[in-house]
Q: 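Structure in structure tokens, see below.
Small disclaimer: the values here were computed from a predicted structure and weren't measured.
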Amino acid sequence: HIVLSIEDSGIAFEPGDIVGILPENDPVLVDQIIELMGWNSEETVTISKEGDQISLRHALLSKFEISRLTKPLIQSASEIFDNTELKEFIRSSTDDELREYLDGRDLFDLLSEYPPKSLEPNELINILRKLPVREYSIASSLKANPDEVHLIIGKDIFTVNGRERTGVCSGPIFERLQVGDTLPIYV
């Protein structure tokens, strides 16, 4: 159970509304990816068609999905990684085998298991999808608690490839969020 103060925010909600939380990827996972690839975390990458640029670490931390793999992502990766084993895996796998591989794996797993021959940070950024907002049902009444939003969030914990993982939003809420911290939300 988490309580968010919305005092003086102008936020109002109705029964059935949801709160969207803009998550941030696990900094440990971000640093593992950067270290694995031998990249400079402060290297500038382009994050939009308009040419907006930020540091690689900031992009992987707050702009792009790295905690889940998708079929389109690994198909794009097979084109730019120049990894024969990855190309063969995608070519020869059934949909069920691909789903089984994707389940619970993250970008670090993909880069570790099917290392690219050479890959620049911008090439990777170009195939990643934007980090989606996580949505939670509101479990309180505006009339009963006009300055608060109550959420019931379960911590998602699972183990894949010997590494314990947590949900991209629920993990940080339970592990790093402290009383007084702020979260970027919308109703």
Side-chain angles (χ1 to χ4, degrees), residues 2 4-6 9-11 18-83 86 102 104-136 149 151 153 155-156 160-161 163-187:
I2 182 172
L4 303 176
S5 171
I6 56 171
S9 68
I11 293 176
I18 55 103
V19 167
I21 299 177
L22 302 168
E24 195 169 84
N25 288 307
D26 182 352
V28 172
L29 177 60
V30 169
D31 293 339
Q32 287 174 329
I33 290 168
I34 292 170
E35 183 179 329
L36 175 69
M37 299 306 297
W39 290 335
N40 175 353
S41 63
E42 295 308 311
E43 181 175 342
T44 301
V45 293
T46 303
I47 61 163
S48 69
K49 292 177 182 162
E50 293 77 29
D52 298 322
Q53 295 186 328
I54 59 175
S55 75
L56 172 62
R57 187 171 195 280
H58 186 238
L60 293 177
L61 195 61
S62 63
K63 300 296 181 188
F64 296 97
E65 177 71 78
I66 63 171
S67 63
R68 284 195 180 139
L69 298 180
T70 63
K71 188 175 176 181
L73 173 62
I74 66 169
Q75 288 171 330
S76 295
S78 75
E79 295 170 15
I80 66 169
F81 282 21
D82 195 20
N83 182 299
L86 179 57
L102 297 173
R105 282 190 167 80
D106 58 30
L107 184 60
F108 181 80
D109 294 317
L110 179 64
L111 292 166
S112 299
E113 294 164 10
Y114 298 104
K117 284 195 177 160
S118 90
L119 184 67
E120 294 299 319
N122 272 308
E123 292 176 297
L124 179 64
I125 294 297
N126 287 336
I127 66 168
L128 296 177
R129 70 182 182 136
K130 298 287 184 193
L131 185 59
V133 170
R134 298 326 199 249
E135 296 180 340
Y136 299 94
V149 173
L151 306 174
I153 300 175
K155 184 177 177 183
D156 191 11
V160 177
N161 286 345
R163 287 176 39 226
E164 185 175 280
R165 325 286 173 98
T166 61
V168 74
C169 197
S170 66
I173 284 174
F174 286 96
E175 294 169 2
R176 297 189 296 273
L177 196 64
Q178 301 294 317
V179 172
D181 287 351
T182 59
L183 282 176
I185 68 166
Y186 67 85
V187 174

Q: Can Ile21 and Leu151 be said to form a side chain to side chain contact (heavy atoms under 4.5 Å, CB included), step by step?
A: CA-CA 11 Å; Ile21 299 177; Leu151 306 174; 4.1 Å; yes
Q: What distance do Leu56 atom CG and Ile47 atom CD1 have between them, rounded to the nearest 0.5 Å?
A: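 Spacing of CG (Leu56) from CD1 (Ile47) equals 11.5 Å.
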Q: Check Tyr114 against Phe81 and note the closest heavy-atom contact, atom names and distance.
A: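 Residues Tyr114 and Phe81, closest heavy atoms: O-CD2, 3.2 Å.
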Q: Is Leu36 close to Ser112 at the side-chain level, that is, under 4.5 Å between some pair of heavy atoms?
A: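 SC-SC contact between Ser112 and Leu36 confirmed.
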Q: Taking all non-hydrogen atoms of both residues, which atom of Ser67 and which atom of Asp106 are closest, and how far apart?
A: O-CB, 3.6 Å
Q: Please examine the side chains of Arg57 and Asp31, heavy atoms only from C-beta on, and report whether any two atoms are closer than 4.5 Å.
A: yes
Q: May I ask you to test the Pro116-Ile80 pair for a side-chain heavy-atom distance under 4.5 Å?
A: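 When only atoms from C-beta onward are counted, Ile80 and Pro116 do not touch, as no gap falls below 4.5 Å.
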Q: With a 6.0 Å cut-off (strictly less than), is the heavy-atom count around CD of Glu35, excluding the residue itself, greater than 12?
A: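 12 or below, so no.
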Q: Could you pull out the closest heavy-atom pair between Thr46 and Gln53, with the gap in Å?
A: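 Smallest heavy-atom distance, with atoms named: OG1-NE2, 3.2 Å.
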Q: Report the distance from atom CD1 of Ile127 to atom CD of Gln75, rounding to the nearest 0.5 Å.
A: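 Here the rounded value is 11.0 Å.
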Q: To the nearest 0.5 Å, how far apart are CG in Leu69 and CG in Leu110?
A: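 Atom-to-atom, Leu69:CG and Leu110:CG are 5.5 Å apart.
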Q: Is any side-chain heavy atom of Leu124 closer than 4.5 Å to a side-chain heavy atom of Val45?
A: no
Q: Between atom NE2 of His58 and atom CD of Glu24, what is the distance when rounded to the nearest 0.5 Å?
A: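 Here the rounded value is 7.0 Å.
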Q: Indicate the atoms forming the closest heavy-atom contact of Ala77 with Leu86, along with that distance.
A: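 Result for this residue pair: C-CD2, 3.9 Å.
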Q: How many angstroms lie between atom OG of Ser48 and atom CD1 of Ile125, to the nearest 0.5 angstrom?
A: 12.0 Å
Q: What heavy-atom pair brings Lys63 and Ile54 nearest, and what distance separates the two atoms?
A: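 Closest pair (atom of Lys63, atom of Ile54, distance): CG-CD1, 3.7 Å.
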Q: Any side-chain heavy atom of Asn25 sitting closer than 4.5 Å to one from Leu60?
A: no
Q: Checking side chain to side chain contact (heavy atoms under 4.5 Å, CB included) for the pair Leu61/Ile66: CA distance, chi angles, key distance, verdict?
A: CA-CA 9 Å; Leu61 195 61; Ile66 63 171; over 6 Å; no
Q: Please check: side-chain N/O of Asn83 versus main-chain N/O of Pro115, any donor-acceptor pairing under 3.5 Å?
A: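 A pair under 3.5 Å: yes.
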Q: Using the rule given for side chain to side chain contact (heavy atoms under 4.5 Å, CB included), can you reason through Arg129 versus Phe64, listing the C-alpha separation, both sets of side-chain angles and the distance that settles it, and then say yes or no?
A: CA-CA 6 Å; Arg129 70 182 182 136; Phe64 296 97; over 6 Å; no
Q: Are Glu65 and Arg134 close enough for a salt bridge, meaning some N to O gap below 4.0 Å?
A: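 Salt bridge present between Glu65 and Arg134.
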Q: For Leu119 and Met37, what are the C-alpha separation, side-chain angles and deciding distance, and is it a side chain to side chain contact (heavy atoms under 4.5 Å, CB included)?
A: CA-CA 8 Å; Leu119 184 67; Met37 299 306 297; 4.1 Å; yes
Q: Measuring only between side-chain heavy atoms, which start at C-beta, is Leu183 closer than 4.5 Å to Val19?
A: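 Not in contact.
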Q: What's the separation between atom CD1 in Ile18 and atom CD1 in Ile185, rounded to the nearest 0.5 Å?
A: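 The distance works out to 10.0 Å.
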Q: With the side chain counted from C-beta on, respond yes when Tyr186 and Val133 share a heavy-atom pair under 4.5 Å apart, and no when they do not.
A: yes
Q: Between Leu102 and Lys71, which heavy-atom pair has the shortest distance, and what is it?
A: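 For Leu102 versus Lys71, the nearest heavy atoms are CD1-N, 3.5 Å.
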